[in-house]
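Note that the coordinates shown come from a computational prediction; the quantities given were computed from them, not determined experimentally. Order of listing sets the numbers, starting from 1, for every ligand and every atom in it.
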Amino acid sequence: MTDQYAVIGNPIAHSKSPLIHLEFAKQTYQDLSYESILSPLDGFNLKVSELINQGYKGVNVTVPFKLEAFARCNKLSEFAKASGAVNTLIFNEQQVIGDNTDGTGLVNDLQSNLNTKLNGKRILLLGAGGAARGALLSLILENPAEIVISNRTLTKVHELIEVMSKSDVLENKPLRLRAANYETLTDQVFDVVINATSAGLTDTALPIPNTIFSVNCLAYDMMYGRETPFMQQARKCGVNVSDGLGMLVEQAAEAFYIWRGIRPETRSVIQQVRNLIKL
Ligand code: NDP
């Protein structure tokens, strides 16, 4: 029987996940279906129960349900625990297991696709919302020299650092994390600058100085499908720039691996989605 999977969100019509997962399935000869499911804003838990009863094997979870998905799980991966959010659910008998593949997706895109190794690098992470939380544990595990985190609301950065300091996975590891206001970033230079804010959605520029970008810096915006003011600023500074489309495909590949035990090839799929959104 064909194994059923889906992505749940609201809105969901824009989701590229069905295209990506069906491409992975074709490539790896997996007999599965994958569709987009719109859940009512107040009906996520019910929708998950319906899917479990219908025999679905798992789902991806997107905006705005990642926190509800976290709360729904009987068991959580360390990545889910560290981020407080779940983007991948595994239905195993009546158990609901939660994982978060965003961080692995980001790191795989940076290191494998963009050839930017993180070991020993100075990283600036902009933002402290769900995407930044999802990314941080994976970034720390790559042993960068330091990760500086800046956010409009600095208290959220302190909370994030507090969560990381309690992570079991990082028990004997130096965290090398530092909170910084945007205003204090002058005179600080980074090898990798990651924009995990949603400021690009409203075409808002972040108050970051041009001097943060080192000569060989990679400026990475987790957003995709548009050229954000952050990307424009970095381009003007002459550094390498990437959007977050590779992260989208890589986080899907990690979810696919969790469900199916097979790693799909991602580069051709990234190109396929890029052709589709024409950016
Ligand atoms: P959240 O709503 O959880 O967090 C938003 C973050 O952006 C907060 O840090 C917020 O700061 C900051 N922010 C919003 N507007 C502004 C502004 N005008 N100026 C400065 N800071 C601002 O969103 P997510 O973390 O879930 O998502 C962030 C981005 O990451 C989105 O664009 C999303 O599309 C992208 N993303 C991409 C993925 C991929 O696979 N490529 C995966 C997940 C997310 P404050 O705390 O002060 O409000």
Side-chain angles (χ1 to χ4, degrees), residues 7 9-12 14-17 19-21 60-70 79-80 82-88 99-110 113-114 124-139 147-161 163 179-183 185 193-209 212 218-231 233 241-256 266 269-270 273-274 277 279:
V7 56
N10 186 334
I12 199 64
H14 66 286
S15 176
K16 302 288 178 289
S17 292
L19 167 78
I20 295 169
H21 279 277
N60 286 131
V61 180
T62 187
V63 179
F65 299 123
K66 290 184 184 180
L67 301 185
E68 278 183 75
F70 178 88
F79 292 105
S83 59
V86 157
N87 77 344
T88 303
D99 211 326
N100 192 317
T101 63
D102 280 341
T104 306
L106 170 67
V107 166
N108 285 350
D109 192 34
L110 290 170
N113 302 329
L114 300 168
L124 174 61
L125 180 62
L126 306 168
R133 286 210 311 257
L136 192 52
L137 177 58
S138 302
L139 292 174
I147 304 176
V148 175
I149 311 168
S150 291
N151 191 44
R152 189 174 54 180
T153 315
L154 204 63
T155 49
K156 285 195 198 165
V157 179
H158 292 301
E159 284 163 19
L160 192 49
I161 294 176
V163 171
N181 276 313
Y182 287 130
E183 294 72 30
L185 291 174
V193 180
I194 301 166
N195 183 14
T197 77
S198 54
L201 272 178
T202 52
D203 270 335
T204 309
L206 294 167
I208 46 172
I212 56 172
L218 173 70
Y220 189 96
D221 202 315
M222 285 194 191
M223 276 202 68
Y224 53 88
R226 67 162 76 197
E227 177 86 358
T228 64
F230 168 79
M231 292 164 76
Q233 180 180 359
V241 175
S242 174
D243 68 3
L245 184 58
M247 175 180 172
L248 173 78
V249 174
E250 293 294 346
Q251 63 76 28
E254 187 64 17
F256 191 89
T266 49
V269 181
I270 293 171
V273 183
R274 194 169 293 291
I277 62 175
L279 190 84

Quiz item: So, is Arg152 polar-close to ligand 1, with some N/O to N/O distance under 3.5 Å?
Solution: yes
Quiz item: Where on Thr153 is there a heavy atom closer than 4.0 Å to ligand 1, on the side chain, on the backbone, on both, or on neither?
Solution: both
Exercise. Determine, considering heavy atoms only, which of Ser150, Ala85, Ala196, Gly129 sits nearest to atom 4 (O) of ligand 1.
Key: Gly129
Self-check item: Non-hydrogen side-chain atoms of Thr197 and Thr204 separated by less than 4.5 Å
Solution: no
Quiz item: For atom 12 (C) of ligand 1, what is the nearest protein heavy atom, given as residue, atom name and distance?
Solution: Thr197 CB, 3.6 Å
Self-check item: Distance from atom 26 (O) of ligand 1 to nearest protein heavy atom, with residue and atom
Solution: Ala131 N, 3.7 Å
Quiz prompt | Side chain to side chain, Ser150 and Val157, heavy atoms closer than 4.5 Å | solution = no
Exercise. Kindly confirm or rule out an N or O of Ala132 lying under 3.5 angstrom from an N or O of ligand 1.
Key: no
Self-check item: Ion pair check, Arg226 and Asp221, cut-off under 4.0 Å
Solution: no
Quiz item: Got the closest protein heavy atom to atom 31 (C) of ligand 1, with its distance?
Solution: Ser198 CB, 4.0 Å
Self-check item: Flag, side chain of Asp243 to backbone of Leu245, donor-acceptor distance under 3.5 Å
Solution: yes
Exercise. Find out whether Pro64 and Asn10 are in side-chain contact, i.e. whether some heavy atom of one side chain is under 4.5 Å from a heavy atom of the other.
Key: yes
Exercise. Working to the nearest 0.5 Å, report the span between CD1 of Ile277 and OH of Tyr224.
Key: 7.5 Å
Exercise. Quickly, which of Asp102, Asn60, Asn87, Asn100 forms a side chain to side chain donor-acceptor pair (under 3.5 Å) with Lys66? Name it, please.
Key: Asp102
Quiz item: Just to confirm, does any protein heavy atom lie below 4.0 Å from atom 2 (O) of ligand 1?
Solution: no
Self-check item: Atoms of ligand 1 close to Leu248 [distance to a heavy atom under 4.0 angstrom, numbered from 1]
Solution: 40 (O), 41 (N)
Quiz item: Could a heavy atom of Gly105 be found less than 4.0 Å from some atom of ligand 1?
Solution: no
Quiz item: Which atom names give the shortest non-hydrogen contact between Ala180 and Leu154, and what distance separates them?
Solution: O-CD1, 3.6 Å
Quiz item: By number and element, which atoms of ligand 1 are closer than 4.0 Å to a non-hydrogen atom of Lys156?
Solution: 45 (P), 46 (O), 48 (O)
Practice problem: List every atom of ligand 1 that sits less than 4.0 Å from any heavy atom of Tyr224, numbering the atoms from 1 in the order shown and giving each element. | Solution: 41 (N)
Quiz item: Looking only at protein heavy atoms, which one is nearest to atom 42 (C) of ligand 1, and how far off is it?
Solution: Met247 CE, 3.8 Å
Self-check item: Result of checking Asn108, Thr266, Asp109 against Val249 for side chain to side chain contact (heavy atoms under 4.5 Å, CB included)
Solution: Thr266
Quiz item: If you take all heavy atoms of Gly127 and Asn151, which pair is closest and at what distance?
Solution: CA-OD1, 3.4 Å
Quiz item: Any side-chain heavy atom of Phe230 within less than 4.5 Å of one from Val241?
Solution: no
Quiz item: To which protein heavy atom is atom 34 (O) of ligand 1 closest, and what is the distance rounded to 0.1 Å?
Solution: Met223 CG, 4.2 Å
Quiz prompt | Student check: side-chain heavy atoms of Val107 and Glu250 closer than 4.5 Å | solution = no
Self-check item: Geometric N/O contact Gln251 with ligand 1, under 3.5 angstrom
Solution: no
Exercise. Mark up the atoms of ligand 1 that fall under 4.0 Å of a heavy atom belonging to Gly127, in ascending order.
Key: 9 (O)
Quiz item: Can you find an N or O of Gly130 that's nearer than 3.5 Å to an N or O of ligand 1?
Solution: yes
Quiz item: Is there a nitrogen or oxygen of Leu206 sitting under 3.5 Å from a nitrogen or oxygen of ligand 1?
Solution: no
Quiz item: Can you tell me the protein heavy atom closest to atom 37 (C) of ligand 1 and the distance?
Solution: Met222 O, 3.3 Å
Quiz item: Can you tell me the protein heavy atom closest to atom 11 (O) of ligand 1 and the distance?
Solution: Asn151 OD1, 3.2 Å
Quiz item: Hey, what do you get for CZ (Arg133) to CG (Leu67), rounding to the nearest 0.5 Å?
Solution: 6.0 Å
Practice problem: For atom 44 (C) of ligand 1, state whether the nearest protein heavy atom is under 4.0 Å away. | Solution: yes
